[in-house]
Protein chains: 4
Amino acid sequence: MSSAASSPAPRRTGRPRSPEADRAILDATRAALVELGWGKLTMGDVAARAGVAKTTLYRRWAGKSELVVDAVAALFDEHLELPDRGSLQADVEDVVLRFAALLERPETKTALMAVVAESTRDGALRDRIRSAIVDRQKSLVLLGRDRAQRRGELPREDDPAAAARTADLIFDVIAGAVVHRTLVSAEPVDPEWARGFAALLIGGLRGS
Amino acid sequence: MSSAASSPAPRRTGRPRSPEADRAILDATRAALVELGWGKLTMGDVAARAGVAKTTLYRRWAGKSELVVDAVAALFDEHLELPDRGSLQADVEDVVLRFAALLERPETKTALMAVVAESTRDGALRDRIRSAIVDRQKSLVLLGRDRAQRRGELPREDDPAAAARTADLIFDVIAGAVVHRTLVSAEPVDPEWARGFAALLIGGLRGS
Amino acid sequence: MSSAASSPAPRRTGRPRSPEADRAILDATRAALVELGWGKLTMGDVAARAGVAKTTLYRRWAGKSELVVDAVAALFDEHLELPDRGSLQADVEDVVLRFAALLERPETKTALMAVVAESTRDGALRDRIRSAIVDRQKSLVLLGRDRAQRRGELPREDDPAAAARTADLIFDVIAGAVVHRTLVSAEPVDPEWARGFAALLIGGLRGS
Amino acid sequence: MSSAASSPAPRRTGRPRSPEADRAILDATRAALVELGWGKLTMGDVAARAGVAKTTLYRRWAGKSELVVDAVAALFDEHLELPDRGSLQADVEDVVLRFAALLERPETKTALMAVVAESTRDGALRDRIRSAIVDRQKSLVLLGRDRAQRRGELPREDDPAAAARTADLIFDVIAGAVVHRTLVSAEPVDPEWARGFAALLIGGLRGS
DNA sequence: TGGTAACCGAGACGGTACGTCGAGTCTTATC
DNA sequence: GATAAGACTCGACGTACCGTCTCGGTTACCA
């Protein structure tokens with residue numbers, strides 16, 4: 001998501017910004033993440049890889065965190081969708097495997113926790129992460145819940161506040177479990193694990 | 001956890017390392033984490049706060065990550081215990097609130113994700129985190145499971161491999177959900193949320 | 001002599017180096033030499049005095065020795081000239097007193113021997129000293145000899161190789177005696193000493 | 001010359017200092033000078049080469065300069081003598097070549113100018129250099145003068161003050177010229193150069 | 001013969017400076 | 001006004017030595 005996306009005052013005078021530069025910078029950022037990881041990625045190196053001056057880079061992004069969030073967000077844009085697998089169990093397994101596939105990429109593995117860590121001291125960054133990444137994931141969970149309700153696998157919740165609370169809980173459980181398994185326990189999220197996790201979650205949703 | 005823990009050959013020649021320095025450094029590290037956060041914490045600043053030369057610090061820890069892991073681990077040592085609350089539901093709520101209380105401290109909030117992010121590129125660091133922090137948390141989860149089995153709230157699993165798999169799953173779910181709620185969603189883990197989460201989890205364990 | 005002197009390809013792209021920084025650094029170096037002497041002069045201190053970042057300093061000079069040679073050379077540039085005093089004896093006395101006046105300055109006294117000592121292990125540094133300092137002094141000696149030959153006080157030497165050998169010898173004798181008197185014996189080079197030395201030298205030149 | 005040479009209160013109690021350590025340290029110092037030069041010689045390295053603790057080294061010498069002066073002085077002790085060559089010209093040539101041979105050794109070449117440079121800011125060091133090195137050289141010059149006077153090659157000077165002034169001048173000229181030729185001009189002092197220099201000097205002494 | 005005082009090795013200690021690197025800004029000339 | 005190039009300030013890095021200190025242990029003299 002380019003930071004200049006919905007600029008309210010679309011500048012008219014002077015040389016326009018090169019859209020190729022935007023693409024080249026984000027590509028270079030992802031490449032640098034793969035090769036170097038978050039810790040050794042530097043703005044100067046990204047600029048050099050993109051064949052762009054540092055000025056050009058700083059004109060678009062305020063710093064490393066913002067740049068990396070946008071670079072990673074593009075991956076989530078591309079890869080997150082949730083085809084209807086026909087059952088809640090299958091849908092949950094699917095979303096878990098999709099989350100995990102993204103988290104196990106070297107670009108995201110090294111970057112996500114780092115920007116989240118930065119965001120504990122930076123509210124603007126937290127908002128950017130939320131709108132660029134987290135909300136996109138969450139919408140998949142909501143979609144899955146709606147489908148399950150339509151199929152009759154889950155009851156409808158009338159109180160919208162309670163419904164939101166439950167959705168938040170489910171999302172934290174799904175996303176949290178996948179992240180923890182992948183990055184902290186450093187174990188693979190394979191179909192077997194996904195099956196066990198989905199069974200646990202759905203059992204809990206039905207039983208409660 | 002001192003980096004030189006249980007060295008098999010406790011050197012006896014030369015001036016011994018000052019244990020006061022160890023303590024002062026870890027205290028200073030926690031103080032710096034609170035004031036500055038992970039990103040702005042510097043080795044030089046920690047050394048200055050501890051009234052210690054930088055070399056003294058580097059003689060014991062290879063870098064910021066290792067130092068911070070040990071500094072944070074001390075908190076987990078102190079605060080992680082699990083009194084018997086009489087029921088599985090109460091025990092789960094308790095462990096969730098205890099994890100959350102630790103994660104909501106400013107020292108840990110800013111530090112944990114950062115070192116986990118670093119550890120994605122550094123196996124030794126990952127091992128250190130696991131043995132200093134993660135395993136300590138996990139033992140609480142195992143303790144709770146054993147109690148529940150003794151109470152008859154949970155069935156005993158005969159196959160040890162399956163038992164271990166289930167324990168890992170439960171641990172990733174609990175720890176992951178708390179971490180995600182606290183650091184990504186940035187919402188408080190209050191008794192109400194803990195109740196809802198525990199109900200979901202226990203329902204899943206019974207139903208599956 | 002600026003380190004970038006007469007660069008054959010004067011780069012034209014990018015921000016040009018600040019000539020004010022050059023001046024400020026050399027001034028600061030001389031001031032630091034006076035206050036601290038060679039031994040306690042540090043690159044960081046010079047940079048701070050000059051109001052310049054350390055990197056700016058290292059971009060221009062490879063180290064303390066190179067910097068100090070250039071800083072001292074500027075003094076030799078300014079102060080070395082040799083007006084015609086009318087006789088060989090007067091010219092020799094004059095050049096001796098001029099050398100001595102430079103060597104007795106606190107900047108040069110502490111610096112010259114130190115860089116010469118360094119140069120025993122560093123050919124590039126030796127060349128830099130030679131071209132920036134020694135050759136400038138030598139030209140004065142050559143000038144005095146030519147004048148004396150024109151006046152008829154000294155015979156002309158036809159063999160150019162022999163002439164060069166003699167000039168080298170005379171230069172080593174003059175410069176060496178002044179340096180040794182000033183820095184090793186630590187005695188002042190006053191007009192009386194200069195008179196005695198000039199008489200000895202000229203007697204030797206005539207007699208041989 | 002050990003720094004503890006003529007201690008007025010020769011301590012009687014306690015373990016005496018190891019004389020082997022003294023020797024090993026001075027040998028190690030000279031070896032380090034040859035290999036590393038003054039600039040890269042470190043106290044720790046000398047101690048390690050000598051197989052001695054740093055404490056042992058600092059118990060005997062206050063610092064690098066003092067240590068190196070003593071280490072180099074030992075060479076001057078060993079090698080400076082002046083056999084009677086039968087004529088003033090031959091004696092001067094001989095002393096010049098002897099000085100030069102010492103100065104061209106790698107130990108002294110790198111060390112002498114450096115300690116002289118240090119001594120410009122340190123009177124105690126200057127005195128140590130003078131008594132350990134310079135006076136030893138000077139005595140050779142005085143010896144040569146006395147012989148020449150006994151042979152009738154030079155007139156006797158009745159005024160002792162004037163005699164001292166002349167001796168000082170000659171010494172600065174001889175030592176200075178050799179040092180300058182060797183270390184600044186970086187040209188060899190060979191027999192031919194010595195002959196030319198001696199002729200110049202003696203001519204001056206006779207003519208004046 | 002047993003103290004004791006100064007020695008010795010090893011190596012940790014508080015410091016200071018090093019030379020490098022990266023961040024983010026600024027200044028050129030060019031497009 | 002955007003751009004490439006590169007110099008700029010600033011601050012932290014991790015290392016190397018400095019000279020001091022604190023250990024356990026040794027070695028000569030003196031009581």
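The sequence lines fix the lettering, A, B, ..., with proteins before strands; numbering per chain opens at 1.
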Open item on the list: The test is side chain to side chain contact (heavy atoms under 4.5 Å, CB included); show your working for Asp22(D) and Leu26(D) and say whether it passes.
Closed with: CA-CA 6 Å; Asp22(D) 279 74; Leu26(D) 290 174; 5.5 Å; no

- [ ] Measure the spacing between CZ of Arg60(A) and CG of Asp70(A) and express it to the nearest 0.5 Å.
- [x] 12.0 Å

Open item on the list: Under 4.0 Å from OP1 or OP2 of dC8(F): is there any side-chain N or O of Arg60(C) that close?
Closed with: yes

- [ ] Check whether NZ of the Lys or CZ of the Arg Lys64(A) lies under 6.0 Å from the centre of the six-membered ring of Trp38(A) and within 45 degrees of that ring's axis.
- [x] yes

Open item on the list: Using heavy-atom distances to pick each residue's nearest nucleotide on DNA chain E, tell me which of Lys64(C) and Ser18(B) is more 5'.
Closed with: Ser18(B)

Open item on the list: Judged by each residue's nearest nucleotide on DNA chain E, which is more toward the 5′ side, Thr56(B) or Gly63(C)?
Closed with: Thr56(B)

TODO: Give the nucleotide from the list dG24(E), dT3(F), dC8(E) with an atom nearest to the side chain of Tyr58(A).
DONE: dG24(E)

Open item on the list: Minimum heavy-atom separation for Leu33(C) and Arg121(D), please, with both atom names.
Closed with: O-NH2, 3.6 Å

Open item on the list: Any side-chain to backbone donor/acceptor pair from Thr56(C) onto Val52(C)? Under 3.5 Å, distance only.
Closed with: no

Task: Partner of Val46(D) under side-chain contact (heavy atoms from CB on, under 4.5 Å), chosen from Leu67(D), Leu36(D), Val68(D) - done: Leu67(D)

Task: Whole-Å distance separating the CZ atom of Arg59(A) from the P atom of dC26(E) - done: 13 Å

Task: Spacing of Leu67(A) atom CG relative to dG22(E) atom P, expressed in whole Å - done: 16 Å

Polar pairs (N or O, both sides) under 3.5 Å between protein and nucleotides 28-31 of chain E?
from	atom 1	to	atom 2	distance (Å)
dC31(E)	O2	Arg15(A)	NH1	3.4

TODO: Would you sort out whether Met113(B) and Thr120(A) count as a side chain to side chain contact (heavy atoms under 4.5 Å, CB included), showing the intermediate values?
DONE: CA-CA 9 Å; Met113(B) 302 299 270; Thr120(A) 58; 5.6 Å; no

Open item on the list: Using whole Å, what does the distance between atom C1' of nucleotide dG19(F) and atom CD of Glu66(D) come to?
Closed with: 13 Å

- [ ] Grab the CG-C1' distance between Leu57(B) and dC13(E) for me, whole Å please.
- [x] 13 Å

- [ ] For Ser119(C) and Asp122(C), indicate whether the former's side chain and the latter's backbone hold a donor-acceptor pair under 3.5 Å.
- [x] no

- [ ] Quick one: do Thr29(B) and Val72(B) satisfy side chain to side chain contact (heavy atoms under 4.5 Å, CB included)? Show the steps, please.
- [x] CA-CA 9 Å; Thr29(B) 304; Val72(B) 168; over 6 Å; no

Task: Identified salt bridge (Lys or Arg N to Asp or Glu O under 4.0 Å) counterpart of Glu35(D) within the set Lys40(D), Arg30(D), Arg49(D) - done: Arg49(D)

Task: Phosphate contact (dC8(E) OP1 or OP2) by Arg17(D) side-chain N/O below 4.0 Å - done: no

Open item on the list: Is there a side chain to side chain contact (heavy atoms under 4.5 Å, CB included) between Val69(B) and Glu118(B)? Walk through the geometry before answering.
Closed with: CA-CA 11 Å; Val69(B) 169; Glu118(B) 292 290 306; over 6 Å; no

Open item on the list: I need the CD-P distance between Glu20(B) and dA12(E), as an integer number of Å.
Closed with: 17 Å

Task: Nearest-angstrom distance from the residue atom CG of Asp22(A) to C1' of dA2(F) - done: 12 Å

Open item on the list: Heavy atoms within less than 4.0 Å of DNA chain E: which residues of residues 37-55 of chain D have one? Give them sorted by number.
Closed with: Gly51(D), Val52(D), Ala53(D), Thr55(D)

TODO: Mind grabbing the angle between the end helix axes of the helix from dT1(E)-dA31(F) to dC31(E)-dG1(F)? Five pairs an end, 10° rounding.
DONE: 10°

